[in-house]
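A quick write-up on the structure given underneath.
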Amino acid sequence: MLTNAQKEGLMHAALEQASKGMAKGEVPIGCVLARGEGAELRIVARGHNRVNALQRRIAHAEIVTFENASGDGTSPPALPLDAEDATLVSTLEPCVMCLGAVMEAGVKSVIFGLKAPADNGTQRVRPPESPESSAPEIEGGVLAKESRQLFEEWLAMHPATPQAAFVRQLLALT
């Protein structure tokens, strides 16, 4: 079980990733993947949205983070198949695709900042029944105000982009 200080520390790292993505024109969603508990807790992978950079709709921060955790093939992955202690922290509530990836990866818990009411992935995905998958514990609202502020800043800089409609809707609903 993570302490509030650990949750907020991980969320600050995710917010830093969101800021890095925002500096590159991406919608400011950041993510970190941590393993361990207590004093052994450590971030093993980081990522931010790369939809524009990679021209891939599925290059969400969570998916990019999982890709970064898989390594380069010359060393063991940061999230092995038998991992049971992984926590995924995202600045925005994961969508259905990303939450499905969380379940398939065997992530123990998901912590997110700002809710995404229009997508509501954490409420739409049913827990898996297969023995290879598991439903994570989910907690939202961690540093949500800070996440929302990044979206407000991004929208002020990118009001006419195709992704602005998503951000406007998100801000109107939260």
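- Under the side chain to side chain donor-acceptor pair (under 3.5 Å) criterion, Asn120 pairs with no residue at all, not counting sequence neighbours.
- More than 12 heavy-atom neighbours from other residues, nucleotides or ligands sit within 6.0 angstrom of CE on Met157.
- The stretch residues 102-113 participates, sequence neighbours left out, in these salt bridge (Lys or Arg N to Asp or Glu O under 4.0 Å) pairs: Glu37-Lys108.
- The side chain to side chain contact (heavy atoms under 4.5 Å, CB included) search around Ser109 returns Thr87, Glu137, not counting sequence neighbours.
- The distance from atom CG of Leu114 to atom NZ of Lys145, rounded to the nearest 0.5 Å, is 12.5 Å.
- Looking at residues two or more places apart in sequence or on another chain, you find a side chain to side chain contact (heavy atoms under 4.5 Å, CB included) between Glu153 and Met22, Gln149, Leu150.
- Residue Lys7 qualifies as enclosed at atom NZ: its count of foreign heavy atoms under 6.0 Å is above 12.
- Leu33 and Ile58 fall into different hydrophobic clusters, where Ile, Leu, Val, Met, Phe, Trp and Tyr residues are linked whenever their side-chain heavy atoms come under 4.5 Å apart, directly or through other members.
- In the hydrophobic clustering of this structure, Leu41 groups with Val142; members are Ile, Leu, Val, Met, Phe, Trp, Tyr whose side-chain heavy atoms approach within less than 4.5 Å, directly or through other members.
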**Request:** Starting from the C-alpha separation in whole Å, work towards a yes-or-no answer on side chain to side chain contact (heavy atoms under 4.5 Å, CB included) for Leu99 and Ile138.
**Result:** CA-CA 10 Å; Leu99 193 60; Ile138 299 173; 4.2 Å; yes
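- Cluster membership check: Val102 does not share its hydrophobic cluster with Val89, using side-chain heavy-atom separations under 4.5 Å among Ile, Leu, Val, Met, Phe, Trp and Tyr.
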Side chains of residues 74-82: which donor-acceptor pairs under 3.5 Å do they make with residues two or more places apart or in other chains?
unit_1	atom_1	unit_2	atom_2	d
Thr74	OG1	Asp72	OD1	2.7
Thr74	OG1	Asp72	OD2	3.2

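- Among residues at least two apart or in separate chains, there is no side-chain hydrogen bond (donor to acceptor under 3.5 Å, both in side chains) pair with a member in residues 42-51.
- No path of Ile, Leu, Val, Met, Phe, Trp and Tyr side chains, each step under 4.5 Å between heavy atoms, connects Val32 with Val110, placing them in separate hydrophobic clusters.
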**Request:** Go through the steps to decide whether Leu2 and Leu10 satisfy the test side chain to side chain contact (heavy atoms under 4.5 Å, CB included), and finish with yes or no.
**Result:** CA-CA 10 Å; Leu2 300 179; Leu10 292 171; 3.9 Å; yes
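- Taking the side chain to side chain donor-acceptor pair (under 3.5 Å) definition, one finds that Glu67 meets it with Arg56, sequence neighbours left out.
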**Request:** Start with the C-alpha distance between Thr161 and Asn52, add both sets of side-chain angles, then the distance that settles side chain to side chain contact (heavy atoms under 4.5 Å, CB included), and finish with yes or no.
**Result:** CA-CA 11 Å; Thr161 63; Asn52 296 329; over 6 Å; no
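- Annotation: ring pair (Phe, Tyr, Trp, His ring centres under 6.0 Å) contacts of His158 (sequence neighbours excluded): Trp154.
- A pairwise comparison of heavy atoms in Ala144 and Gly113 identifies CB-O, 3.5 Å as the closest pair.
- Residues satisfying the side chain to side chain contact (heavy atoms under 4.5 Å, CB included) criterion with Thr91, sequence neighbours excluded, are Met11, Ala14, Leu15, Ala18, Ile29, Ser147.
- Residues forming a side chain to side chain contact (heavy atoms under 4.5 Å, CB included) with Cys98 (at least two apart in sequence, or on another chain): His60, Glu62, Ile63, Pro94, Cys95.
- Residue pairs meeting the salt bridge (Lys or Arg N to Asp or Glu O under 4.0 Å) criterion with at least one partner in residues 21-30, sequence neighbours excluded, do not occur; the list is empty.
- The shortest heavy-atom contact between Gln17 and Gly30 is CB-CA, 3.9 Å.
- Side-chain atoms of Cys31 and Leu88, non-hydrogen and from C-beta on, do get closer than 4.5 Å to each other.
- Shown here for Gly47 and Asn68, the closest heavy-atom pair between the two residues is CA-ND2, 4.2 Å.
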Sequence neighbours left out, cut at 3.5 Å: what donor-acceptor pairs do the side chains of residues 164-174 make with other protein atoms?
unit_1	atom_1	unit_2	atom_2	d
Arg168	NH2	Pro159	O	2.5
Thr174	OG1	Arg148	NE	3.3
Thr174	OG1	Leu170	O	2.9

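- Among all heavy-atom pairs drawn from Ile43 and Ala13, the shortest one is CD1-CB, 3.6 Å.
- Met103 and Val107 fall within a single hydrophobic cluster, where Ile, Leu, Val, Met, Phe, Trp and Tyr side chains are chained together by heavy-atom contacts under 4.5 Å.
- In this structure, the side chain of Glu93 does not engage the main chain of Phe112 through any donor-acceptor pair within 3.5 Å.
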